[in-house]
Protein chains: 2
Amino acid sequence: MATLDQVGHESESQWEGRALSRTSKKQGGGKLLSAGPTMADLARLAGLSKITVSRALGDSPLVNPETRERIRELAQKHGYKFNISARNLRLRHSHTVAVIVEMKPSSDRTMFDPYPLGLLGGISQELTAAGYSVLLTTRQGAAVAAVQAADGLILLGQGVHQDAVHRFHKLGVPMVVWGAGLKGDSHVVVGSDNRLGGAVVAEYFFRLGRRRPVFIGNPSHPEIHERLNGFVAALGAHAIKPLLMRRDEFTPDSGTGAVHSLHARGVDFDAIFACSDLLAMGAIRGIQEVGRSVPGDVSVVGYDDMPLGASFLPALSSVHQDWQEGGILLARKVLALIRGESAASETLPVSLVVRST
Amino acid sequence: MATLDQVGHESESQWEGRALSRTSKKQGGGKLLSAGPTMADLARLAGLSKITVSRALGDSPLVNPETRERIRELAQKHGYKFNISARNLRLRHSHTVAVIVEMKPSSDRTMFDPYPLGLLGGISQELTAAGYSVLLTTRQGAAVAAVQAADGLILLGQGVHQDAVHRFHKLGVPMVVWGAGLKGDSHVVVGSDNRLGGAVVAEYFFRLGRRRPVFIGNPSHPEIHERLNGFVAALGAHAIKPLLMRRDEFTPDSGTGAVHSLHARGVDFDAIFACSDLLAMGAIRGIQEVGRSVPGDVSVVGYDDMPLGASFLPALSSVHQDWQEGGILLARKVLALIRGESAASETLPVSLVVRST
DNA sequence: TCAAGTCATGGTAACGGTATCATGTGCGTG
DNA sequence: CACGCACATGATACCGTTACCATGACTTGA
């Protein structure tokens, strides 16, 4: 929209202060504010009215192309800066979408390291391209007036709690949430297809001839619960029943521990689906420690496809999700809602990246 | 400042539309816009003037405490929303700081995974607390009008190139940059003390009795160059000269490759300082592959203290930096500059976390 | 008793854009 | 020649807030 590509172009003349050229009705005075020129100033300079300047800068077809060019140059030359607040006030919207990131204290943030950043990148890219600003906040800062003024809201964070969702919902602003969509949800949810992720791994194991698979992870996270569901359902179709090994921590240690525990209990298993790459890497170490081999004796698949996993030895197979794509989709949904269109919840496909394990 | 803590408080009555209660001079008409009440509306409701409402909501000492309370309740009850655009227009500032993140295409982004997120958290926390909004953009989006309107700028990204810095500097807005400060820099730079990081590792190696240390990394990044400088200088004080093993990639593979290369060339070494944890972990694997042990034969220290490193086996020693603290500092510096105070470049201390390697 | 000094409140004019409804020109056509 | 129409531009009135400078009531002290 009113995107003036001025970065990098040096203004050739300094704006000399306002008071002189201003049609001040009361003050003839000399207090020279060091503010830039306004549309009214450009208008006077060009011998036109400010509305024409507004139209020229806004690419309106109503102005003569030559006039537009002339005004453009003038704006350039005098270092004109468009005032967004004024436009937003007049237009009665903020052209802003608030992104609220729920940062957990820090404990299992590990799991989400690569995640919000990619998401944020996609969101920022798409929203900026549409002429919207991205207002970043944490949950604590969400009470601030600027957030309330946003035209739209994006909620980020694992297992965003329902109460938080409702709280923000009350602001009466278009809202889109990242995560696992529960069936009864009234709001729009975008997330990667965790169920599919589980199913894909199940099929993979089945094709490899694995018949005694184990799932490692913490299914109390809604997203991970879905992975488990998909995994169990797909295996069930082949009359296979996987074992659930519950682990709360998403660290390599935890994965190693899980395997040792299985081994100690004499459990017979030939495949492991870990719901995080870190867990998977730990599990592989555990498997090797108890004298078995990957992928010879046991197949292992992780989740998230961390860059690290690819250069792990043996190179880790993992379920890949495109965070950036997710961010873009989130952004598109809010924009649609803001425009008054409807938007449905959507899940993004995931893909299994098969490497050595 | 004008922070109205309204999230979560449900407004008890719906605002019934404007036209009726409005002192419209021309239109007596019925077009009922579904916009919320304004200060003027509250004023009429309270039998006061809008300026008094403004003062009450703004905690001005000029209004009677009882009046203030009354207005507060009224605002609450009618779901009043403060209009930031109007205030910003009037006050001639945006109360906004733009954060420009330079996202590399994706190649060695690995290195920076945990980094911008922590930084961003700190920035957001501090800025929000001060009543400022955080406007997030990538470099591509930085030409947008909203960025130009920001009261301040924070530039994030490894080795932010000088040209970019100058480009943004021309906007004439207070700016703070994250990274390694070069001596001749005119702008304010905040970064962690890479030189100290190198020195600390050097001392650690020396105390352990290591005399043939190797540095692995890519010193063409300014920040990493500093680490190398500190490392070399501190070792130099003990008349030790480290070997530089240049590696462009920051992956484990690259680290493993480096060690194999050293081994193949018959280089004698007893300590490795890798300028990234991933590199360090790869190096450890390489060391083990060529039949030597960590930390028995070779000591290894990484950089960044990734959560992963702590649960690596053997647990990785690493140089730790507090990203969040860095973000807070960045925020404080811009705020100071915005207030017209001066601010100096500053480096944050780092600490060596000694684990098993 | 009156000047001076609080305290609480109000009138008015900005801040810098854009929507709405004119206005004025030139041109083609019946 | 008058009419309608497209085109280019303008006058005016807001959008919702706060700064500036009153104004009136009531207190205080000489």
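By convention in this document, chain letters (A, B, ...) are assigned in the order of the sequence lines, proteins followed by strands, and residues within each chain are numbered from 1.
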Sequence neighbours excluded - ring pair (Phe, Tyr, Trp, His ring centres under 6.0 Å) pairs with any residue from residues 130-156 of chain A: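 The answer is His95(A)-Tyr132(A).
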Measure [atom1]/[X] against [atom2]/[N] and give the value in whole Å, please.
X	N	atom1	atom2	value
Ile84(B)	dC15(C)	CD1	C1'	16 Å
Asn83(B)	dC15(C)	CG	P	18 Å
His93(A)	dT18(C)	NE2	P	11 Å
Asp41(A)	dG16(C)	CG	P	8 Å
Arg87(A)	dC14(D)	CZ	C1'	17 Å
Lys81(B)	dG16(D)	NZ	P	13 Å
Met39(B)	dG16(D)	CE	C1'	8 Å
Asn88(B)	dT17(D)	CG	P	12 Å

Heavy-atom donor-acceptor pair, Arg90(A) side-chain to dC14(D) base, under 3.5 Å: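 Donor-acceptor pair under 3.5 Å: yes.
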Heavy-atom pair with the smallest gap, counting every atom of Ala56(A) and Arg68(A):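 Of all heavy-atom pairs spanning Ala56(A) and Arg68(A), the closest is O-CD, 3.5 Å.
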Shortest non-hydrogen separation from Met39(A) to Leu57(A) and the atoms involved: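 For Met39(A) and Leu57(A), the tightest heavy-atom pair comes out as CE-CD2, 4.2 Å.
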Sugar-phosphate only, base, or nothing, as touched by Leu91(A) at under 4.0 Å among non-hydrogen atoms: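 Counting heavy atoms under 4.0 Å across all strands, the contact made by Leu91(A) is with sugar-phosphate only.
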Leu48(A) CG to Ile71(A) CD1 distance, which is reported to the nearest 0.5 Å: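 Answer rounded to 0.5 Å: 5.0 Å.
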Which atom pairs link the protein and nucleotides 7-11 of chain D when you take only N or O atoms and keep those under 3.5 Å?
from, atom 1, to, atom 2, distance (Å)
dT9(D), OP1, Thr67(A), OG1, 3.1
dT9(D), OP2, Asn64(A), N, 3.3
dT9(D), OP2, Thr67(A), OG1, 3.4
dG10(D), OP2, Ser49(A), N, 2.7
dG10(D), OP2, Ser49(A), OG, 3.1
dG10(D), OP2, Thr52(A), OG1, 3.0
dG10(D), N7, Arg55(A), NH2, 3.1
dG10(D), O6, Arg55(A), NH2, 3.3

Which residues share a side-chain hydrogen bond (donor to acceptor under 3.5 Å, both in side chains) with Arg70(B), sequence neighbours left out: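 Listed in chain order: nothing, the list is empty.
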Set of residues satisfying side-chain hydrogen bond (donor to acceptor under 3.5 Å, both in side chains) with respect to Ser60(A), sequence neighbours excluded: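 Residues passing side-chain hydrogen bond (donor to acceptor under 3.5 Å, both in side chains) with Ser60(A): none at all.
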Side chain of Thr38(A) - closest among dC15(D), dG17(C), dT18(D):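 The listed nucleotide nearest to Thr38(A)'s side chain is dG17(C).
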Any Tyr80(A) side-chain N or O less than 4.0 Å from OP1/OP2 of dG16(C):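 No, Tyr80(A) has no side-chain N/O under 4.0 Å of OP1/OP2 on dG16(C).
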Any Arg92(B) side-chain N or O less than 4.0 Å from OP1/OP2 of dG16(C):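 Yes, within the criterion.
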Basic-acidic side-chain contact under 4.0 Å: Arg72(B), Asp59(B):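 Result for this pair is yes, salt bridge flagged.
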Salt bridge (Lys or Arg N to Asp or Glu O under 4.0 Å) involving Arg90(A) - partner list, sequence neighbours excluded: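 Checked Arg90(A) against salt bridge (Lys or Arg N to Asp or Glu O under 4.0 Å); zero matches.
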Difference in axis direction between the ends of the helix from dT1(C)-dA30(D) to dG30(C)-dC1(D), five pairs, 10°: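 Nearest ten degrees gives 50° for this helix.
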Ser94(B) (side chain) donor-acceptor with Ala149(B) (main chain) under 3.5 angstrom: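 Yes: the side chain of Ser94(B) pairs with the backbone of Ala149(B).
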